[in-house]
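A quick write-up on the structure given underneath.
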Amino acid sequence: MSFGKRVTLLSGQQIPTLGYGTWQSSPGEVSVGVYEALKAGYRHLVSYENQPEVAQGIKRALADTPGLKREDIFITSKLWNKRVPVILNQKTLDETLRELELDYLDLYLVHWPVAFQKTSDNQLSPLDNDGTQVAIDNSVSLIDTWKAMIKLPQSKVRAIGVSNFTPEHIKAIIDATGVCPVVNQVERHPLLQQNDTLVKYAKEKGIHITAYSAFGNNNVGAPLLLEHPTVKQVAESLSATPAQVLLAWAQSGGHSVIPKSVTPSRIRANFQEIELPDGALTAISAIGSVPRRYNIPVTFVPPWNINLWNEEAEKNAANSVVVGKAA
């Protein structure tokens, strides 16, 4: 069985370019999905807020798959936005490892360049006093967060990276610390290619791009890219599925992608990687003549009152990312 293409990170690790995402999968589905993915040949898992179920899926796959070992699987998790410097970050990492039943992560990412206020409860997104929007914490800077990530022990974290960071955010943390993230995990698909900005900067710095929302986002009421006529036409011409076409497009240029599915047949089909000829790549890329970003925090429910991308919807946000020394 082929286990897919891999590329080498700045850390020297080999990351599979086709991974399996688990974020926002329903309880009871995650462990089955992870098990099916590993049995199908996936060797790159991204886990967040569902670690116990991911652990169940991994243990079952290790038991049922001759020769499969922990070190064969590239496992990524993330540091959520309710963070303060070093001590909490280490405790959060230890809790993640305990829930995953692992000794180490292959990659640990700062989930967003945004900090939330700390609360005594376990709310993922704590609300402000009005109860209408997420409570942003402007006392925590990106640079402080990145310094805390750097201090995490390599025995527990093989490499560190970021997610949803702009080139400006990354430049700031590199300038302040001299340490470059090995990965930036971002929304990327034919409607949001960012080739002349984010992708270009990442290539210059040797930062690997991992794409999420490769099929679009069905939480915003817009048709998924799986239904786009061009994608369907290319898929038909190649005797492939629309998902296979979009995943091949996402991996072109050496990037990686982390599709999510909980349907065993789709999990297996998505792993049957195809190669897109130049004409097909051009046709799929042409879909993005009018860029569309789905993942805009100020439009979330509840909203994050912050300007992250400088999109039109964010122009009136009260907060911006605190990059350097907090006010």
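Scope of the values below: all heavy atoms of this structure, side chains included, with no hydrogens, waters or symmetry mates.
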>> What I want to check is whether the side chains of N50 and T22 have a donor and an acceptor closer together than 3.5 Å.
In response: yes

> Hey, are K78 and Q185 close enough side-chain-wise for a donor-acceptor pair under 3.5 Å?
Replying inline: yes

> Does E273 reach the side chain of Q244, with side-chain heavy atoms less than 4.5 Å apart?
Replying inline: no

>> One pair to check against side-chain contact (heavy atoms from CB on, under 4.5 Å): R43 and R6. What are the steps and the verdict?
In response: CA-CA 10 Å; R43 293 296 180 262; R6 294 172 179 256; 3.6 Å; yes

> Hey, quick one: are I75 and L152 part of the same hydrophobic cluster, counting side-chain heavy atoms closer than 4.5 Å, chains of contacts allowed?
Replying inline: yes

>> Counting C-beta onward and ignoring hydrogens, is there a side-chain heavy-atom pair between H255 and T210 closer than 4.5 Å?
In response: no

> According to a 4.5 Å side-chain heavy-atom criterion applied to Ile, Leu, Val, Met, Phe, Trp and Tyr, with indirect links allowed, do V183 and V257 form part of one hydrophobic cluster?
Replying inline: no

> Tell me, do Q193 and W249 make a side-chain contact under 4.5 Å, heavy atoms counted?
Replying inline: yes

> Can you check side-chain hydrogen bond (donor to acceptor under 3.5 Å, both in side chains) on T166 and W309, steps first, answer last?
Replying inline: CA-CA 8 Å; T166 67; W309 310 114; over 6 Å; no

> With a 6.0 Å cut-off on ring centres, are W112 and F165 close enough?
Replying inline: no

>> Check this for me, if you would: do E204 and K171 make a salt bridge, where the nitrogen-to-carboxylate-oxygen distance has to be below 4.0 angstrom?
In response: no

>> Testing the basics here: between H44 and P16, what is the closest heavy-atom pair and its distance to 0.1 Å?
In response: ND1-O, 3.1 Å

> Would you find more than 12 non-hydrogen atoms of other residues, nucleotides or ligands less than 6.0 Å from D278 atom CG?
Replying inline: no

>> For a quick check under 3.5 Å, do D130 and T132 share a side-chain donor-acceptor pair by atom type?
In response: no

> Do N195 and R188 meet the criterion of a side-chain donor-acceptor pair at a distance under 3.5 Å?
Replying inline: yes

> Rounded to the nearest 0.5 Å, what separation is found between the CG atom of L247 and the NE2 atom of H189?
Replying inline: 13.5 Å

> What do you reckon, is CD of Q154 surrounded by more than 12 foreign heavy atoms closer than 6.0 Å?
Replying inline: no

>> Between L10 and C180, is the side-chain contact (heavy atoms from CB on, under 4.5 Å) condition met? List the steps.
In response: CA-CA 9 Å; L10 288 172; C180 186; 3.9 Å; yes

> Mind checking whether L105 and L93 have side chains closer than 4.5 Å, heavy atoms only?
Replying inline: yes

>> Could you walk me through whether Q117 and D137 satisfy the side-chain hydrogen bond (donor to acceptor under 3.5 Å, both in side chains) test, starting with their C-alpha distance in whole Å, then the side-chain angles of each, then the deciding distance to 0.1 Å, before giving a yes or no?
In response: CA-CA 5 Å; Q117 292 181 16; D137 186 351; over 6 Å; no

> Are Y42 and N270 close enough that a side-chain donor and a side-chain acceptor fall under 3.5 Å?
Replying inline: no

> How many angstroms lie between atom OG1 of T177 and atom CE of M149, to the nearest 0.5 angstrom?
Replying inline: 11.5 Å

> Have N295 and Y212 got a donor and an acceptor in their side chains that come within less than 3.5 Å?
Replying inline: yes

> Taking a hydrophobic cluster as the set of Ile, Leu, Val, Met, Phe, Trp and Tyr residues connected by side-chain heavy atoms closer than 4.5 Å, whether directly or through intermediates, do L107 and V186 fall within one such cluster?
Replying inline: no

> Rounded to the nearest 0.5 Å, how far apart are CD1 of I150 and OG1 of T145?
Replying inline: 11.0 Å

>> Test of understanding: clusters of I, L, V, M, F, W, Y form through side-chain heavy atoms closer than 4.5 Å, transitively. Do L224 and I267 belong to the same one?
In response: yes

> If you count the non-hydrogen atoms of other residues, nucleotides and ligands that lie under 6.0 Å from CZ in R158, is the total more than 12?
Replying inline: yes

>> Taking CD in Q14 as the centre, count heavy atoms belonging to other residues, nucleotides or ligands within less than 6.0 Å. Is the count above 12?
In response: yes

> Are Q51 and T96 linked by a side-chain donor-acceptor pair shorter than 3.5 Å?
Replying inline: no

>> Is there a continuous path of hydrophobic side-chain contacts, each under 4.5 Å between heavy atoms, that joins V54 to W80?
In response: yes

> Considering all heavy atoms of both residues, which atom of A235 and which atom of P242 are nearest to each other, and what is their separation?
Replying inline: CB-N, 3.7 Å

> Heavy atoms, side chains only, cut-off 4.5 Å: are Y294 and L192 in contact?
Replying inline: no

> Which atom names give the shortest non-hydrogen contact between V298 and N305, and what distance separates them?
Replying inline: CG2-CA, 4.4 Å

> Hey, are the side chains of H228 and K232 touching, using non-hydrogen atoms and a 4.5 Å cut-off?
Replying inline: no

> Is S256 close to L18 at the side-chain level, that is, under 4.5 Å between some pair of heavy atoms?
Replying inline: no

>> Taking the six-membered ring for Trp, are Y48 and H111 closer than 6.0 Å centroid to centroid?
In response: yes

> Does the side chain of V179 reach to within under 4.5 Å of the side chain of W146, using non-hydrogen atoms?
Replying inline: yes

> Does NZ or CZ of R266 lie under 6.0 Å from the centre of the six-membered ring of F271, at an angle within 45° of the ring axis?
Replying inline: no

> Under a 4.0 Å N-O cut-off, is there an ion pair linking R98 with D103?
Replying inline: no

> Given L100 and S47, is the side-chain contact (heavy atoms from CB on, under 4.5 Å) satisfied, shown in steps?
Replying inline: CA-CA 9 Å; L100 283 169; S47 166; 3.8 Å; yes

> Could you walk me through whether V234 and I284 pass the side-chain contact (heavy atoms from CB on, under 4.5 Å) check?
Replying inline: CA-CA 8 Å; V234 169; I284 299 299; 4.0 Å; yes

> Any luck finding a side-chain donor-acceptor pair between E187 and S213 under 3.5 Å?
Replying inline: no

> Going from CG on L79 to CG on L109, what distance comes out if it is rounded to the nearest 0.5 angstrom?
Replying inline: 9.5 Å

> Can N307 and N319 be said to form a side-chain hydrogen bond (donor to acceptor under 3.5 Å, both in side chains), step by step?
Replying inline: CA-CA 6 Å; N307 184 335; N319 299 285; over 6 Å; no

> Passes salt bridge (charged side-chain N to carboxylate O under 4.0 Å, His left out), E275 versus K5? Steps please.
Replying inline: CA-CA 11 Å; E275 295 290 336; K5 294 173 285 190; 3.6 Å; yes

